[in-house]
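Within every chain, numbering begins at 1; the chains are lettered A, B, ... in the order of the sequence lines, protein sequences first and strands thereafter.
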Amino acid sequence: MGKTFVEKVLGRKAGRAVTAGEIVEVVPDYAMSHDNTAAIAKTFASIGVARLYDPNLHVVILDHASPPPNEKFAENHREVREFVKKHGIQNFYDVQRGVCHQVMVEEGFALPGLLIVGSDSHSTTYGAVGAFGTGIGRSEMAVIMATGRIWLRVPETMRVVFRGTPPPGVSAKDIMLYAIGRIGVEGANYMAVEFAGEAVEQMSVSSRMVLANMAAEMGAKTGYVEPDEITLEYVRPRARREFEVVKSDPDATYVRVHELDVSALEPLVACPHAVDNVKPVSEVAGTRIHQVFFGSCTNARLEDFEVVARILKGRRVHPEVRMLVFPASQQVYLDALRAGYLEILAEAGAVILNANCGPCMGSHQGIPANGEVSLSTSNRNFRGRQGNREAEIYLCSPATAAASAIRGVISDPREFL
Amino acid sequence: MKLVRGRVWKYGDDVNTDVIFPGKYTYTVTDPVEMASHAMEDLDPEFAKSVQPGDVVVAGRNFGCGSSREQAAFCLKYAGVGAVVAKSFSRIYFRNAINAGLPVIQAPEAVEAIEAGETVEIDLERGELRCKAGRFSFPRLPEAVLGIFAAGGLIPYTRQRLGLAPREGEGTGTSGESSR
Ligand code: SF4
């Protein structure tokens, strides 16, 4: 019987043929941690090993509250810098570089067929280029520091096939919200999710990152898009090492296959306080918003800036709305600057901030006030996610965010195309 | 460690990490005894008061959903819970529990049969659960995972494998909320 992508990657790492449900002990190719590296370092110290198993296994990226908003975060960053220096971690990116998952892909750590773990739940993002990426706990990361090893259960695989070509104004974010609304926030619990179909084949790597990133919102252990020419063109000039494309066999076993037609899809919005509380934008249009958060590892890449700039060009952000803009990385910042997008956004009245997570999980730079509505291009809208339990978060595409910023109420972006 | 015997505390589906260990304590409460005293606080105030060592939590689908905080597994362990038997677990809870040294068993049919308050016996090594209604088998847990339970969690297990002497209070995993 054929093997799935995850069975192959984990089998190769374990040195034997494995099937879904088995547990393997493996050495990952990369292990990513961010601002939580300081806490992990303490647990590592409690193990009592003097040196890291392999400093080159680790990638450390400061992004969650960068630059630090208060002395607590500042101390935390200092501890991380001291730790990387002491242990000779070369793959270290300080506050100027960007959001961890974007940096992992941009810098060519995430590559087809590699096994990458991260102490962050959206490490599933690396599947956009055909890597096995998964989120792990802090103790587990500390043990990887000490031994290089981690146990993983080989997941079953669900296949999600997006049929058709999405209409204008409908993006990867809308497609993914559609899938999450149908499958549910626990629908892919423990599973690997493979995204396929014409809609995915036409997508850029940036758009595929939206799918793999938000696979975590269905409970998935990892998301995956089979590498093709688009993938290879993207990864070849960035790759830091040799890699080999790994694909599922045609007769691989899937626990479930969802076929979703996107050819007549409308722009969608995830309403408070669950990511699978998905409604067509037409149903919630007119809802007053106070803040627009255009950022995060989900939707703040160059193609997103292009769409937002197209909609905002020559228009103004509503006077009662704060539009906060966080490029996913410094590279995206520079590219958007050179393309003139940042000028358009600034002229429209948007606030452009540095490349970091910002208010995505409520650290700083734009916490909504009590009773306010935040419309976000990010991936989670749990109560309190952006730092205030009394605020409401709606999730949407960059186009919907831009259109709504102009009107001051949730609006259909197709009216601006 | 390999034979668990205790009274059943039975709950329904979707028991989330907020009711197992309230978010308001995640940064302030780190002492094991104090953590145990808040276990299941928002679901069943009786639980922390009368739970006995070896008792078994039995629940429905998706146990431990919600936030990925490691404390939701540690607090049950510190409360003396011998095992959690559920129809299914959220993925991160399942990992956190094993790493905390708290046995987690997926046995949907057994959950249907077990009654609240009865005494059950679980043989982790053989993969068998015995209750009033009969015997139920569940997939025998792999060697690697049994080793983690036996050592009392991932950190002590790692120290054991590396030949380091055990430490007092190690593996408590209370360094704060896991990633989100
Ligand atoms: S942008 Fe948000 S989801 Fe992404 S890594 Fe940062 S906090 Fe997490």
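A heavy-atom distance below 4.5 Å is found between the side chains of A:Glu140 and B:Asn99. You'll find the side chain of B:Phe89 stays beyond 4.5 Å of the side chain of A:Asn189, heavy atoms only. Side-chain contact between B:Tyr157 and A:Val143 is absent, with no heavy atoms from C-beta onward closer than 4.5 Å.
Ranked by heavy-atom pairs shorter than 4.5 Å toward chain A, the options B:Leu164, B:Asn62, B:Val145 are led by B:Asn62.
Rounding to the nearest 0.5 Å gives a distance of 7.5 Å between CD1 of A:Ile47 and CG of B:Leu154. Note that CZ of A:Arg153 and CD1 of B:Ile98 are 9.5 Å apart. Values are rounded to the nearest 0.5 Å. Separating the CG atom in B:Asp18 from the CZ atom in A:Phe382 is a distance of 10.5 Å, to the nearest 0.5 Å. With rounding to the nearest 0.5 angstrom, the CZ atom of B:Arg95 is 7.0 Å from the OG1 atom of A:Thr134.
Between the A:Tyr190 side chain and the B:Ser88 main chain, no donor and acceptor come within less than 3.5 Å of each other. Formation of a donor-acceptor pair under 3.5 Å by the A:Arg138 side chain with backbone atoms of B:Glu70 is not found in this model.
Between the side chains of B:Ser90 and A:Glu186, no donor-acceptor pair of N or O atoms lies under 3.5 Å.
Residue A:Ala216: no heavy atom, backbone or side chain, is found under 4.5 Å from chain B.
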Practice task
Just do the salt bridge (charged side-chain N to carboxylate O under 4.0 Å, His left out) check on B:Arg161 and A:Glu25 with the steps written out, would you?
Solution key: CA-CA 14 Å; B:Arg161 284 174 98 191; A:Glu25 198 183 47; 2.7 Å; yes
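For A:Arg78, the CZ atom is densely surrounded, since the number of other residues' heavy atoms within 6.0 Å is greater than 12. Remark: B:Arg130 CZ is packed, more than 12 non-hydrogen atoms of other residues, nucleotides or ligands lying under 6.0 Å away. The neighbour count for B:Glu109 CD, taken as heavy atoms of other residues, nucleotides or ligands under 6.0 Å away, does not exceed 12.
For A:Ser46 against B:Ile155, the heavy-atom pair with the smallest separation is OG-CG2, 4.2 Å.
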